[in-house]
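Accompanying notes for the structure given below.
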Amino acid sequence: MKLVLSEEQQQLREAVRAFLRAASPLPKVREGYDPQVYARLNGELGLSGLIVPEEYGGAGAGMTELAVVLEETGAALLPGPFLTTAFATVALTRVRDKELLTGIAEGRVQAALAEPAGGAGLAHDGSAVRGTLAQVLSGMDAGVLVAPAQGGEGVVLVAVDLAGPGVTRTPLETLDPTRGQARVELDGAPARVLGPRPDIGDRLCVALAAEQLGVMRAALDAIVAYAKVRVAFGRYIGSYQGVKHKLADMHGKLEQAESIVRYAAWAADESPDELPEAAALAQAYVGRACFEVARDHLLLHGGIGYTWEHDAHLFYKRAKADEVLMGPPRIHRARLAALLEL
Amino acid sequence: MKLVLSEEQQQLREAVRAFLRAASPLPKVREGYDPQVYARLNGELGLSGLIVPEEYGGAGAGMTELAVVLEETGAALLPGPFLTTAFATVALTRVRDKELLTGIAEGRVQAALAEPAGGAGLAHDGSAVRGTLAQVLSGMDAGVLVAPAQGGEGVVLVAVDLAGPGVTRTPLETLDPTRGQARVELDGAPARVLGPRPDIGDRLCVALAAEQLGVMRAALDAIVAYAKVRVAFGRYIGSYQGVKHKLADMHGKLEQAESIVRYAAWAADESPDELPEAAALAQAYVGRACFEVARDHLLLHGGIGYTWEHDAHLFYKRAKADEVLMGPPRIHRARLAALLEL
Amino acid sequence: MNLADYRRAARAWLRDNAPTDDSHETDAVTRAKDFMARLYDAGYSGITWPQRWGGQGLTQAEERAFAEEARDYALPTYVFSIGLGMTGPTLVDRGTDAQRERFVRPLLRGEEIWCQLFSEPGAGSDVASLQTRAVRDEAGGDQWIVNGQKVWTSVAHHADWGLLLARTDVDVPKHKGLTMFVVDMHHPGVTVRPLQDMSGRANFNEIFFDDVTIPDEHRVGEVNDGWSVAVTTLLHERLSISAGVGMGGRREHPASVEALRQTVDTGDPLVRDQLVELHIRTRALALFNQRLAQETRAGIFPGARGSAAKLLLAELTMFQADLATQLVGPEAALAGHPLAQAISVAPGMALGGGTNEIMRNIVGDRVLGLPPEPRVDKTVPFKDLKVGTQA
Amino acid sequence: MNLADYRRAARAWLRDNAPTDDSHETDAVTRAKDFMARLYDAGYSGITWPQRWGGQGLTQAEERAFAEEARDYALPTYVFSIGLGMTGPTLVDRGTDAQRERFVRPLLRGEEIWCQLFSEPGAGSDVASLQTRAVRDEAGGDQWIVNGQKVWTSVAHHADWGLLLARTDVDVPKHKGLTMFVVDMHHPGVTVRPLQDMSGRANFNEIFFDDVTIPDEHRVGEVNDGWSVAVTTLLHERLSISAGVGMGGRREHPASVEALRQTVDTGDPLVRDQLVELHIRTRALALFNQRLAQETRAGIFPGARGSAAKLLLAELTMFQADLATQLVGPEAALAGHPLAQAISVAPGMALGGGTNEIMRNIVGDRVLGLPPEPRVDKTVPFKDLKVGTQA
């Protein structure tokens, strides 16, 4: 088991962190998805091809490296389809037809994966799909939809050009102002069958947990920094045990969350037997801890944290949106119960 | 709805509190059940007859008054069969044969009620009972056992002389050193059938919650007093927010617990339709709150609270023993779910 | 008139005069002012206030009777709430006779709207560290010149007058250099800017003062004795908040047990148990509030114990919005979903009227009598004190 | 010898020499001393300690290799743990050559047992406020006379020597008037009394000093510089605690998921979910501890982050005993039930080695770099300082 980053992985982290600090600071995050930032993410850092196999033009890295990157994009609250494209890439590396991977690796294609909790919401006839997806993450920003669809030979994964015919996209305003969703209606939209639907749920759990780890880390950093400069009653608020002890508890959650994310990513790469339990653990622990830390970071800011112009609510809302992204969080606990054969 | 004590009820409270402070201080509590204290409780305060109807020599008071008294006996961690005799009295006022009530009112009889969660553990043939009761509260201290038994005409309540033939009592050492339990085996012990088993579960819940309210109040009082005299790093520990804020949260639990106990006792006396929900609420909230307060009161004492000679563990253990007295606490939550038709 | 008659008369008046719907055909403030004038003329505004200044001079009993009769109506008195709950009582307690004469009756009749100007960006929980300056200018006819910024001001965009706490001496400790004023909100140099909260709504304002003059006759209390006046105001604020705690509307909350049982899967025992937990906490706090209310009626003033109730309400509000979104799942993250709004406004209860930390200090100090924290800010001259946000 | 050979040799030695059962046929201390002598003679005691004083002069790598090989054995080294983990390293770091010569080798060979005498009834978290006095008596041949009381002393009833922190000057601030000594535990005037904890066991002692003399040559460090020596000892204590955190035995705990799934009704979905919660918390902390261990092996010293792990362990220990008794119900309240013991000992983890509040301070100050609390006790002469328990 490997819970500590290698030197290369640390370098990757530093590079992504430095890039995002400069290219996507929080004032810019409020402006939403910027394709130019994505172009640079690919051009300068090659992130879009990170987990694409080398034969399709990618770097062939594993979940451990993807987790390192998602932690940073999470900490930066990077807007746009980065997470969902990572989800789609995880899916695309596990189907027969891998052609889309090249476009993703080159940064030409942003793909949105729709993976509704309760099976396929679409039906296909070999060349076109019909059906409605109620909530597609970054559905307005992505160019290609990757989704499961029911056909004659069972459930397969299909790819649909979101700018093509038969597609109606409706933007949904979301709690999280930094990342939107769309309702997508498909009425005979041309679709390409990629192969049988792969089993990727565990890896999505790990990827999302990595983003959540970043969100909680950045939220804790922000409130710790504020506690060192904000004064009340003549003392820095961080010197009051009422604040200090809460921050210490938040730190304990962060340490445990990071340990779990490293473990789950390692399991995805190296120990598939451990992956299901590790993935369920990651969502069950990290999703909750992320919201709790983001919540307390907001509350400890006092009144200013309640204003729209302060950034605290951005972390709080991303944390809540992420917590329920894959369904009511109890599903991860139920899965743990099943895996532990309780 | 009445959530505030009347002047008479406040006088009752003061009288019981003053008596117990003098007659049963904590060093004496460690010596266990003292029948002489009970004799005075009856002689000077008439407590044994409190809820016995006047026609049987009692004061004919309601659950509201009983709750006031149990709060004080709880706060004092009074050893012996006071609670179980109160339980038995609640039962005896609701059966056909009320003869035992006179002895209870006079303080001659201490009765232990055995009310196993899962129905009757005993069988009777009209004149004698057989069977085993695994845990009878104050079973070594009481003179009479009141318990449900299965007979030809259904489940009835029977009374058994615990000093009589066919009775084997084995003292059980318990977590709570201030109040013991006994295993009681009945092998043809002479029994008197009192009448059909009455439905008293809700009232027992309320009575126990009143004791728990007293335990948590006394625990909070003790740690608040200590926080005002104990110094660390040149300051009273109660001046540190780490301690102060925890005590404030404990106070909030106490306020809510008291409100619930007053409400549930009022419902028992005045609004039977509300009683089942109020009683389940009382156990679900007060049982948990009592343990949490007793736990934190112990922890905040620091190392000294971990010693046998300090009293903190007596409250902690009583709180835990009370929490599980009627079964795993989840049963009260399950009952609430059923009553709310969730 | 005995109390029963009083109550009957109030009931009849309300039946005939209370607006039954909240339709927005005419301007809300105009309608509110119109209603307030009728309320005053009928003798139901300022029931316990002194007759000399326009009140009715009656007792708490009449006021309570009217409040109980009014409970089922949504009276449009929101824009007057600061004036009626805080600034008016402060003027009655601490104003000069000239100020009472000038301000109280129009306030009670709804002719003039008031706001309260204490909080600043750098002075939240620690109000007395505020930095807005008032400098005396005797050349200009004994007046004061005010510069600075206030925040979290309700109804300021409608207000005619504001009760302003400003610093008049920086060479003394922070509590000892403050003075209270009445400021004309229509004066040039007063800028009111709506402040958007994290839910996107603008229920509050920021106020900027740029060389705003105030005549000395609008000073409330002595120079540099403003903190004691502010304490009066804050006491009234606490009373009016705790009077409102636990009142009305909670059953319609989208995160209440009643609402959730309609929308979530109660076939799942875990969901059911979470609703039970929410029920337990909701009932526990509701009963505590009812007990406080019964004690108050019995003459036992709750004092700082109301802060415990406010703390518990803040925690419950956060808990239930959080729980509800977890139970509902992905849909709760859509901006149009009632729970998205609930999770966005939930922190407000913990931040308005004192943070949870301040509430815990109050309960610890005043209810439990715990020793105070050592204070570093009570003796240092304000100009040497660390305030606001700084490294 | 390369590391692989070292490890093989250690494995072979342990296989042949480690006691395989813990039977109590002979006196436990006698058996422990016998084993310790063999361990020392085989070169496995004091692996990293200087050769000059009886150690092996090897590196952390060898020590870790031996510890890993020894993990599966229950070596009877408990009575030596204070000497090996705290007082011995302190003497090596801060003792005189004469002290090292006299004390270190017998300590490593298990010939003499040590205890540590810092805590007092009035000085728990705040060790430096201790009141035990050592007064110099030059008349009696340059010696010190000690009076006072210590508490929470492990293995004191077996100890030959104690490392004693005592106050030698009350006219200076509390940290500046302390001196460290080695005290003979067999000296007349030393009384060791077992201290029963709340579970009824006596794993600790109270020690009373009544005119106990100590020769000045047994002073460790300079007069009034005892606090800096104590800091060395406490650093070693923290290292040896954090090395032990998360090690062994937790799966056999009666409140572990593994134990509970055998005894409680997992047919109830609510019970199952509670076990899931316990699993989540247990795994979260175990993985954190493993990450700290991997970082340590990679040369990243965890420092104060170990206090976060200790805090989490204290909370988990309390949580799981509490949860387990709730799940089991009335039986858990019988003294013979394993969970009755678990709930009785659970608070100990939060109270030994620093309360949860102290741990939170350490994490806040040293990990997060938060500003310190204002300190009132650093400048006041000790005799004027409030200490212990007083109104």
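Note that these values count all heavy atoms, side chains included, but never hydrogens, waters or copies made by symmetry. Each chain gets a letter, A, B and so on, in the order the sequences are listed, and its residues count up from 1.
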I'd like to know whether B:Glu309 forms a side chain to side chain contact (heavy atoms under 4.5 Å, CB included) with D:Leu195, so could you lay out the CA-CA distance, the side-chain angles of the two residues, the decisive distance to 0.1 Å, and finally the verdict.
CA-CA 9 Å; B:Glu309 71 186 304; D:Leu195 178 68; 4.0 Å; yes

Would the distance check show the side chain of B:Tyr306 and the main-chain N or O of D:Met349 forming a donor-acceptor pair, the cut-off being under 3.5 Å?
no

Which answer fits D:Gln390, side chain, backbone, both or neither, if we ask what part of it has an atom under 4.5 Å from a heavy atom of chain B?
both

For B:Leu299, is it the side chain, the backbone, both, or neither that has a heavy atom closer than 4.5 Å to a heavy atom of chain D?
both

Kindly determine whether D:Ser344 and B:Lys317 satisfy side chain to side chain contact (heavy atoms under 4.5 Å, CB included), including the steps that lead there.
CA-CA 8 Å; D:Ser344 290; B:Lys317 291 171 177 173; 3.6 Å; yes

Under 4.5 Å heavy-atom distance to chain B, tell me which part of D:Leu339 shows up: side chain, backbone, both or neither.
neither

Does B:Phe233 offer a backbone N or O that forms a donor-acceptor pair with the side chain of D:Arg375 under 3.5 Å?
no

Do you know which of D:Thr325, D:Leu270, D:Leu385 has the most heavy-atom pairs with chain B at a distance under 4.5 angstrom?
D:Thr325

Side-chain donor/acceptor of B:Gln135 to backbone N/O of D:Pro330, under 3.5 Å
yes

Using non-hydrogen atoms and a 4.5 Å limit, figure out which bit of B:Arg288 sits close to chain D: side chain, backbone, both or neither.
side chain

Least distance between heavy atoms, B:Thr307 atom then D:Trp152 atom:
CG2-CH2, 3.4 Å

Top residue by heavy-atom pair count (under 4.5 Å) with chain B, among D:Val345, D:Ile343, D:Asp377, D:Asp126?
D:Asp126

Given heavy-atom pairs under 4.5 angstrom as the criterion, report whether the side chain, backbone, both or neither of B:Lys228 touches chain D.
backbone

